[in-house]
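The structure appears below as structure tokens.
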Amino acid sequence: MLEAVLLAGFGGQGILSTGMLLSYAGMEEGLHVSWIPSYGPEMRGGTANCAVTVSDAPISSPLVTEPTTLIAMNLPSLEKYETSVRPGGLILYNASLIYRLPERQDARVLGVKANEVAESIGNIRVAANVMLGAFIEVSQAISLKSALEALTKVLPPHRHKLIPANQKALQEGARIAREAGLVNSVNH
Amino acid sequence: MLEAVLLAGFGGQGILSTGMLLSYAGMEEGLHVSWIPSYGPEMRGGTANCAVTVSDAPISSPLVTEPTTLIAMNLPSLEKYETSVRPGGLILYNASLIYRLPERQDARVLGVKANEVAESIGNIRVAANVMLGAFIEVSQAISLKSALEALTKVLPPHRHKLIPANQKALQEGARIAREAGLVNSVNH
Amino acid sequence: MERVLMKGNEAFGEGAVRAGCRHFFGYPITPQSELPHYLARRLPEVGGLYLQAESEVAAINMVYGAAAAGARVMTSSSSPGISLMQEGISYIACAELPCVVVNIMRGGPGLGNIAPSQADYFQAVKGGGHGDYRLPVLAPASIQEIIDLIVLAFDLADKYRNPVMVVGDGILGQMMEPVELGPAPEVTPPPKPWATTGTLGRKSRNVVNSLYIEPEELEKVNLRLQAKYKQVEQEEKRWEEYRADDAQVIIVAFGMVARIAKAVVDSMRMAGIPVGLIRPVTLYPFPDKPLAASASGAAKAFLVVEMNAGQMLEDVKLAVCGRKPVHFYGRTGGMVTSVAEVEGKVRDIWEGLK
Amino acid sequence: MERVLMKGNEAFGEGAVRAGCRHFFGYPITPQSELPHYLARRLPEVGGLYLQAESEVAAINMVYGAAAAGARVMTSSSSPGISLMQEGISYIACAELPCVVVNIMRGGPGLGNIAPSQADYFQAVKGGGHGDYRLPVLAPASIQEIIDLIVLAFDLADKYRNPVMVVGDGILGQMMEPVELGPAPEVTPPPKPWATTGTLGRKSRNVVNSLYIEPEELEKVNLRLQAKYKQVEQEEKRWEEYRADDAQVIIVAFGMVARIAKAVVDSMRMAGIPVGLIRPVTLYPFPDKPLAASASGAAKAFLVVEMNAGQMLEDVKLAVCGRKPVHFYGRTGGMVTSVAEVEGKVRDIWEGLK
Amino acid sequence: MAVSTKRTQGLADKHFHYCPGCTHGIIHRLVAEAIEELGVLEKTVGVCPVGCAVFAYDYFNCDMIEAAHGRAPAVATGVKRVLPESVVFTYQGDGDLAAIGTAETVHAAARGERITTIFVNNAVYGMTGGQMAPTTLLGQKTTTTPFGRQSSVAGYPLKVSEMVATIDGAAYVTRVAVNSPKNILRAKKAILKAFNVQLKGLGFSLVEVLSTCPTNWGLSPPEALRWVKEKMIPVYPLGDFKVPEDEV
Amino acid sequence: MAVSTKRTQGLADKHFHYCPGCTHGIIHRLVAEAIEELGVLEKTVGVCPVGCAVFAYDYFNCDMIEAAHGRAPAVATGVKRVLPESVVFTYQGDGDLAAIGTAETVHAAARGERITTIFVNNAVYGMTGGQMAPTTLLGQKTTTTPFGRQSSVAGYPLKVSEMVATIDGAAYVTRVAVNSPKNILRAKKAILKAFNVQLKGLGFSLVEVLSTCPTNWGLSPPEALRWVKEKMIPVYPLGDFKVPEDEV
Amino acid sequence: MPQVFFENERCKGCELCVTVCPKKIIALSAGEINSFGFHPAVLTDGTKCTGCGFCFLVCPDLAVTVVREEGGNGESTDEGE
Amino acid sequence: MPQVFFENERCKGCELCVTVCPKKIIALSAGEINSFGFHPAVLTDGTKCTGCGFCFLVCPDLAVTVVREEGGNGESTDEGE
Ligand SMILES: Cc1ncc(C[n+]2csc(CCOP(=O)(O)OP(=O)(O)O)c2C)c(N)n1
Ligand SMILES: Cc1ncc(C[n+]2csc(CCOP(=O)(O)OP(=O)(O)O)c2C)c(N)n1
Ligand code: SF4
Ligand code: SF4
Ligand code: SF4
Ligand code: SF4
Ligand code: SF4
Ligand code: SF4
Ligand SMILES: [Mg+2]
Ligand SMILES: [Mg+2]
């Protein structure tokens, strides 16, 4: 198993910490993991991406140039990275901010209204975790349980009050993915 | 003809401008010349050396590591450079400040009390020109006349009042050399 | 042993603490910021000092002072900031003081950008400052290796009384991987009887200096430095070979790029192409031996891959010395080579060999 | 034509004035002081400006501003000061601004001394600053050549929109030789439509910049720079050959050392030993062609002579590429090679060849 | 007659990249308006810093130069000495101007360089992630003073205007803030005056502007405005520190 | 009882390399005497500049470090932070401290660094051949202001003490001169006080000493003393610019 | 009557205009969201607007335009401390 | 009576002591010359010396030693402006 996930969007969507959560949970499951961020010069609102690799074998190259999964949190990210996804890969997109369907015919695709879900939970910054919940559900790369537990490790103690919201986000994402069923690229 | 002259002493003795004078006069005679200074970090009183090459052929290397003539203005300079003089070369030393004879047996040697002469002329800074006068007399590398004339070019206009003193110094040096006759290394 | 997920930049900091470094002077710059952030928190915990300097120029000169006073001391920066340190590094090298300088390289030249790069190779290994001096330069390729090499860096600095540079790029600095910290190593820096601590009863005064007004004296200093560098070249070359034994195409790459190259080696081997990797761990002294050996052995061609326009390439050519062709593939400006690109390049070379 | 006796440092200044340079920014340092002294007097005479900066860092950034405003501008310094300019030079190279930087090298590393040296070769030709940039580097060997090359330096800077470095050593800077100035050359710097002069009616704004936050963009800039350097390498290699045609031992030396080498060539020829000299006039681009040609021709051995521990040596080795042995003789710390020492070295090589 | 708060011609038609509520945007507008109102847009050359305002060359609608970190006054000097008729300004943060660029600032002032410096003091290094600046307040938490700035370790806030005012070549030195409409209007006047001092050739002019960094202060933008008023202004009092003699 | 003006133990038994009549030598003696009298010679680390005092490491009889040009305060900071119990001083010229080292000086002061800086203001770059310094007087001829320093080109003399006194971490800032026996005695007291401020941990102390450079001023040594009195002191008035609060 | 326009795509929802409006008639739109993910500012009751221009003055992103009659109650009446 | 000694090899003949001596009893030796080429300072009339120490204070090269009785008329009597 090797999942090379690219999470892409802009700052403030919680992308980097979501990627970290995935890595952490993977490590706790005994998998090999790596996490690589990349962001623009803006402190807030600029691009924020991160690449997470989760694998049962040692990771030679942690760089993700051809992701197995793209989690696109806004339109520019989808536009920039859609073509790089591996054939047969997965595209999860934030349907709150992306109004068009991905064009790739050879990838599995699922849209999740992450902003709406996050706002309904009461914290826009958990949007990316909604997507992560969906990813875990679809990919089964790690268990949802590991992710839920890893929150305590990833969030610093003074942020632990945010754990419930984040758990909710993961769970909601997973639920939506479960209920939606995956849009299969071949027939969407 | 190639004269590679090393003038060495400490700052304030007029060494660098004396070397310049020799170069200038040589150039005016149509010879190839070069002038290289070297000094310590002190502004006054530290070591001040200069190497002048005067030649009737183009000068490939202007560096003087084995001078044909050493003009030593103080004891440390004599001690440092005496051994570098070419066999058969010339050592002129400032007998005002150097109380011992050079030890080289294979060089021609002449001592001139340059400080005393300069003070008698009324300007200690012409001491090196006293030595230059002596050098010109002994070596005939250039004519004394060229040196006397070149003073107007080497001294900046606001220093032209010093020309008589410098001329005097050159002439006195030449006279002393003429009168002394050269201490031949073989029999001193 | 507990595995913890750690950022590269933090690993540099924790590694330094484990190496007994208690003084850090630096000036913020992306993409190495997590390193000072980490140490600003961590050093006071162990009785150490994090001090933010007013500039990189000041930082390196604070390092000079702290090293002169006998401390294990570190600074870190990224490309433009390292350029500003060149005068200071030259001074430290001449005064023979031990210290560690970390450069998390970013896209250049100029302000460039904050994306990963390896374009300060020349500056690091040939000496971007004035005069004949050299720095041992270490290039870790994983977070775990950062922890290990930073300890080595301090040891080499003390052993040779010389600044040591550790280079990474923005990816290495900001990525996270699990590391096993293990028990802290025993750290026993050698005594520093030359340190300017105040004489405190010592009979003779200590002077830390790089001024030698007499050329004869300065030449002696240079001869001593050159002898030291010769020793470094004899004793400190480090490299990793990966499936290189029987390889006909040898990839040469350092740092993060070597990770990519490893993936290429694996995929090419699966495709039946005998590719191997030689990864310099020390960039200076450059591990020319394994390259020379390959050049006289199984290797039919070399491929140097760098995130620059071809800098280490020159050292590889010097090592191979015309015996086998040396190819180059590089990306610049913060672009990162993909596995596929390098595979393509290897295939081309392989076709050419047939 | 009138011959005048001129100091090397003054010749740099007068050459710049003849090249149409009207702006100089610098910070004092030995052994180049006569250059600013000269220009402080001379520039006002021709309506120009001499401005003393508060540091070398400020000086190079004033140069950046003046070049951006479209001026022909120069700065000069010596080794430690040039180290401080490395960040600025990298910026100027990336922003593609023309300017001339003079380095009168002195003994290093560190504070070193003020004696002559060539130990900043690496810094000059490989780029002491961060990132992949290059500077054309010119190395005059006589006062007359200073006058000529400084004009060339400004022309190359404008032609390539790149900083150009001219290097000498303390001897060259402070020695005097007669020069023939001749009539001032016609100077017609190319138009600079990119200069930030205020828009003054121009439709689009000009921006001088070295920041390209997107790696894709910065890579494009780097590719443009690399293409430019390739052109420089094709068009601008300059060297002097002296009795090299049939020489079996080729001395390679630049600057003042080449003058010494010339004397050695003459004396060795007189002794019946076929020695020649190849003197790089451009250190970058390095004149590898004549070396490669000799290596495949009459030459049986090369002797690189430098006032450093062996820096140009690497470029010579890259050019000779293992075809013939390359020997080295160097003095450091401000010590100057004597003719006799080099003769001795040549004799040894010659004996070895027999 | 209907008037509207028209977008100044001094700004290019670009969206700012600044964080929500960051007052860099306000200061940009004020500078641009001043240049436009003085009618010197065509002969102005601006010099940007390295700091959050690094992209200011995309925003100001005149020729622009991006300087190395801290060196904007030196770069501006180069431009102004080549083009004495031009109007040259630098726009610099407190890391850029008051830390790494200290010497360049002091000496541009000492030379009486006829340039205008807009000094944005937000008590922190914004762009690089909220490290301590020389102007960080005592007790203020930053990423490099995680326990709050302690004078015993990290010294005291540097009062740039007070310091620069002691320098003979400085003609106009003032401190303003952009934390309220009233202060914004005052800031505008100060910026206009600074450019006028330059146009009259009186010497170096510096306007220190207290600005916010909600992101790195960990405050909402409205809280940040309050923090300027309650915390910063007491340490950095507003007002003129030096005015040209013919204008006292 | 016979007393004699004994050579201080604070100086090594070396001849100074300074030009005849250069008052660097007097200042060396005062600093050395102060260190000796305070009984701290064994725990003192001195930092020399690049400037005519570059060889000061040969003269002061304690551990010494030669710093890069202008960086002595940074080097001193490194030492003092590693060895808080040591006594650390820098000895710097006006090129070293007031030009290239401006930032290092200002920030050592801002940090309240517990070091003592002896600032030798001789209005010129002595070592490198008499170029203009930031402190060169208006109209003064130097090798780089051959027609006299003009404010329109080269700006105004920088008043370092006045400037540094505005900085919060500076505890003691004073200006003295060594142009007469009386002023020499005062200078000695100031230097003693500066070291005391350091020993008490009160912060940064700076003693600006007006000094001569007969060589580059083109004056005889006695004329040079007069020039200090008649030309320099009017521009650089003597006196305290800041004294520690508990001592006012 | 003065008129205030918000340019939605420029607005970053920072609420500075909300804070300084003396009439408290600006709020962030609850429902709307621009393409950067921000809730832009809107007028809650335009009729109360005095045209003071504070919202314009304080907006860091030039998202606000205020149109008013000259001589109307404008910037000068209330200095908005 | 106070005594003043000059260390000839240290003296650079700068005349600062000559200038500050209130009794004008110091001069450069006309005949003597030290090994650096300087004419060292000498006392012209030691009997007039007050032991004020100004020559010591001003000598940059530590070439002067003044020995006097404690309590004698010393530094404090005349401040040597
Ligand atoms: C030589 C150099 N050192 C450090 C940096 C990194 N750097 C970029 S911006 C900055 C400080 C920004 O702070 P400030 O000047 O206060 O501007 P702000 O972002 O707060 O507006 C630093 C240290 C750099 N680009 N170059
Ligand atoms: C980086 C660098 N720049 C310049 C120099 C050259 N330099 C040596 S001393 C000096 C100035 C000396 O003047 P000052 O500090 O006033 O001391 P003084 O000699 O007058 O006592 C300069 C510019 C240097 N050594 N290093
Ligand atoms: S980081 Fe701070 S200064 Fe920078 S744009 Fe954001 S709020 Fe403004
Ligand atoms: S050059 Fe000036 S400062 Fe330097 S030693 Fe001579 S007189 Fe003193
Ligand atoms: S113009 Fe004034 S009253 Fe009207 S909306 Fe804006 S701030 Fe409120
Ligand atoms: S101040 Fe501007 S950006 Fe902020 S909420 Fe109001 S309109 Fe939007
Ligand atoms: S002690 Fe006083 S009176 Fe005696 S010689 Fe010295 S200066 Fe003159
Ligand atoms: S002051 Fe000192 S050096 Fe000068 S003349 Fe007198 S004794 Fe000699
Ligand atoms: Mg800031
Ligand atoms: Mg000075």
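Below, chains carry the letters A, B, ... as their sequence lines are ordered, and counting in each starts from 1. Atoms considered below: every heavy atom in the structure, side chains included; atoms not considered: hydrogens, waters and symmetry mates. Please read all numbers here as calculations on a predicted model, not as lab measurements.
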Q: Evaluate side chain to side chain contact (heavy atoms under 4.5 Å, CB included) for D/Val208 paired with E/Tyr57, printing each intermediate quantity in order.
A: CA-CA 9 Å; D/Val208 167; E/Tyr57 57 76; over 6 Å; no
Q: Assess whether side chain to side chain contact (heavy atoms under 4.5 Å, CB included) is satisfied between D/Val207 and E/Asp63, documenting all intermediate values.
A: CA-CA 6 Å; D/Val207 173; E/Asp63 279 6; over 6 Å; no
Q.
Restricting to non-hydrogen atoms, name the atom on E/Glu104 and the atom on D/Glu54 that form the minimum distance, rounded to 0.1 Å.
A. CA-OE2, 3.2 Å
Q) Taking only heavy atoms into account, what residues of residues 57-94 of chain D are found under 4.5 Å from chain E? A) D/Val57, D/Ala58, D/Asn61, D/Met62, D/Tyr64, D/Gly65, D/Ala66, D/Ala68, D/Ala69, D/Ala71, D/Glu87, D/Tyr91
(Q) Counting only heavy atoms not in E/Gln9 (residues, nucleotides, ligands), do more than 12 fall under 6.0 Å from its CD? (A) no
**Q.** Pairwise side chain to side chain donor-acceptor pair (under 3.5 Å) hits with a residue in residues 40-50 of chain E, at least two apart
**A.** none
Q. Hey, what do you get for OG1 (D/Thr199) to CE (E/Met64), rounding to the nearest 0.5 Å?
A. 12.5 Å
Q: Specify which of D/Leu51, D/Thr197, D/Asn206 makes the most heavy-atom pairs with chain E at under 4.5 Å.
A: D/Asn206
Q. What residues form a salt bridge (charged side-chain N to carboxylate O under 4.0 Å, His left out) with E/Lys159, not counting sequence neighbours?
A. F/Asp168
(Q) Using a 6.0 Å cut-off, check whether atom NZ of D/Lys228 has over 12 heavy atoms from anything other than its own residue. (A) yes
Q) Between D/Leu49 and chain E, which part of the residue has a heavy atom less than 4.5 Å away: side chain, backbone, both or neither? A) side chain
Q. Out of curiosity, E/Cys62 SG to D/Leu200 CG, how far, rounded to the nearest 0.5 Å?
A. 11.5 Å
Q: Working to the nearest 0.5 Å, report the span between CD1 of E/Ile65 and CG of D/Leu97.
A: 8.0 Å
Q.
Please output the residues of residues 74-92 of chain E in contact with chain D, using a heavy-atom cutoff of under 4.5 Å, in numerical order.
A. E/Ala74, E/Val75, E/Thr77, E/Gly78, E/Val79, E/Arg81, E/Val82, E/Leu83
Q) Where does E/Val50 contact chain D at under 4.5 Å (heavy atoms): side chain, backbone, both or neither? A) side chain
